[in-house]
Amino acid sequence: MNKWRCRNCGFIYDEAQGLPSEGIAPGTRWQDVPEDWICPDCGTEKSDFEMEQVRH
Amino acid sequence: MSIPTELANTIVDPNAYANGDAVHNAFQKIRATWPLAKAQPDGFDPFWVVSRHADIMTIERQNDIFHNGDRSTFVAPREAEQMVRNVSGGEPNLIRSLVSVDGQEHRDLRAIVFPHVTPKAIRSWEESIRGIAREFVDHMLKFGGQCDFARDVAFLYPLRVIMTVLGVPPEDEPFMLRLTQELFSNADPEFNRLGKDATMQDGLQALLAVAQQLEAYFSEVTKKYRAHPTAHVNSLIANAKINGEYLNYRQMMGYYIIAATAGHDTTSNTTAAAMWALAERPDTLAKIRKDPALVNALVEESIRWAVPVKHFMRTATSDTEVAGQKISKDDWLMLCYQSATRDETVFDKPFEFRLDRAGAQQIAFGYGAHVCLGQHLARMEMRILWEELLPRLKSVELAGKPENTISNFVCGPKRVPIRFTVN
């Protein structure tokens, strides 16, 4: 499981935790997060802003 | 080790920000010797000065440990903070807006407008904003080769854009501009309500009067949009509910006021600063004219260059540590964007205006959960203005000495006299 950081605002997407509040189950890999997902803190789009892998 | 009082006094002095060099020189010394240290300017409670880019990011990302709203969100003398508490029912801020609330309240309030200002959501506004930009470019060109770009374009175009988005009619724009300037430029006799240097007490009374006038205006807005809801942002605010209840009075007024003031003043400051930079750098203008794709780099660099929000304050909710320094519960911290945007460890030759800084983290919009809600709209409207204006400009140069507003919080150039030729 990896964590990914939004380069615009620093929001962390943790694959282990998912984002249940947005319908993304725990354990959802970054590549399986829907393409129309946007960063919940700043609105950055998955397709426009790379998420940066922060650790294994 | 504490920051010397002389430097501490400089970084809260509105005149030092108007001067520009004075505050940059102070922060250069602070970054070099006291990058994260306590300061106590005369008349102020002590606070940490957070001068480095990395430390601001660390703090802003931990918004549960570093609160916005426990004390004043901008640096205020001890006496002024107490006076605000006396007139606002004990709250540390005169206006309860998105930048002065935390936790669930912040999440709930932000969620009201957030879906409408994401990059995807604002794409549909591109053509209407381009129409506004063309209107202001035509307006500028009618001046016949010379104008004050700040007063004649930069103050007005972002104002029209945000008021259109909010649902404020054009005839109310002069009122909104004047009250925004009175609110953010209270230290500048040219803009404040009193028209002169004011005592702390008189200045605060003037701010209170401005806030009351804005509240009276927006109370009518609430009635209007509850009766006839639209897609405008002011209608969203008027009709929003949290847990089945409308926003309370201070939440609602704070929301209207921050959207209607910070929503254009910051972009105006950045746009004016960008033109000032271009007027002094004909080579940069020529580069963009040759490669229009550089407009995005111009926008990013001008935001860093202008840094329209000079600082925000945070208060520690528990004992913690940042960059090896022990921060205690209730400590007050000044996040100095003015300094972080010139951090030599992040920006090569930070005092040069350059278009080749791709990849450097923008910090002027803040970071973390409180990152500027309107950042995507701000970028888009500035990009569109330059896309419309620069192809029509053959040359531009300064036609006098530009001047900055006297303020230590939200500010930028108030005069940018230029001489220009068109294609």
Side-chain angles (χ1 to χ4, degrees), chain A, chain B residues 53-66 98 102-104 106-125 296 299-300 303 335 340 346 357-380 383:
Chain A
M1 294 280 110
N2 294 324
K3 288 183 178 180
W4 303 76
R5 178 188 293 126
C6 173
R7 286 185 181 169
N8 188 47
C9 74
F11 174 81
I12 301 283
Y13 174 73
D14 183 339
E15 291 179 336
Q17 301 291 322
L19 272 175
S21 60
E22 300 197 10
I24 301 174
T28 303
R29 301 273 183 191
W30 175 241
Q31 62 264 35
D32 297 324
V33 169
E35 288 307 308
D36 62 357
W37 179 87
I38 59 172
C39 172
D41 276 358
C42 73
T44 292
E45 294 179 36
K46 187 183 178 192
S47 56
D48 282 355
F49 278 80
E50 285 179 47
M51 298 292 275
E52 189 175 61
Q53 188 171 330
V54 291
R55 74 172 170 85
H56 289 279
Chain B
H53 188 281
D55 295 341
I56 290 181
M57 285 170 63
T58 298
I59 289 168
E60 291 215 66
R61 200 56 244 169
Q62 301 178 73
N63 53 297
D64 51 342
I65 297 176
F66 298 100
L98 274 181
D102 296 282
Q104 192 59 46
H106 175 250
R107 284 190 285 277
D108 287 342
L109 290 174
R110 192 172 165 101
I112 294 165
V113 173
F114 176 74
H116 305 272
V117 291
T118 64
K120 189 177 179 182
I122 64 174
R123 259 176 226 139
S124 62
W125 300 344
N296 286 320
V299 169
E300 288 303 316
I303 296 164
L335 308 186
V346 177
R357 299 191 187 276
Q361 173 75 48
Q362 182 65 265
I363 194 73
F365 285 119
Y367 195 69
H370 281 274
V371 69
C372 174
L373 186 60
Q375 62 168 314
H376 304 298
L377 175 60
R379 285 187 170 104
M380 183 170 91
R383 169 180 58 77

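Computed from a prediction, not measured in an experiment: that's the story for all the values here. By convention in this document, chain letters (A, B, ...) are assigned in the order of the sequence lines, proteins followed by strands, and residues within each chain are numbered from 1.
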Nearest 0.5 angstrom please: A:Cys42 SG to B:Arg110 CZ, how far? 8.0 Å

Checking heavy-atom separations under 4.5 Å from chain A, one finds in residues 367-375 of chain B B:Tyr367, B:Gly368, B:Ala369, B:Val371, B:Gln375

How close do B:Gln361 and A:Asn8 get, counting heavy atoms only, and between which atoms? NE2-O, 3.3 Å

For A:Glu35, which residues count as a side chain to side chain contact (heavy atoms under 4.5 Å, CB included) partner, sequence neighbours excluded? A:Lys46

Sorted by chain and residue number, the side chain to side chain contact (heavy atoms under 4.5 Å, CB included) partners of B:Val346 (sequence neighbours excluded) come out as B:His53, B:Asp343

State, to 0.1 Å, how close B:Arg123 and A:Glu45 come at their nearest heavy-atom pair, and which atoms those are. NH2-OE2, 2.7 Å

Quick one: list whatever passes side chain to side chain contact (heavy atoms under 4.5 Å, CB included) with A:Pro34, sequence neighbours left out. A:Ile24, A:Asp36

If I compare all heavy atoms of A:Gly43 with all of B:Pro119, which pair ends up nearest, and what's the gap? O-CD, 3.1 Å

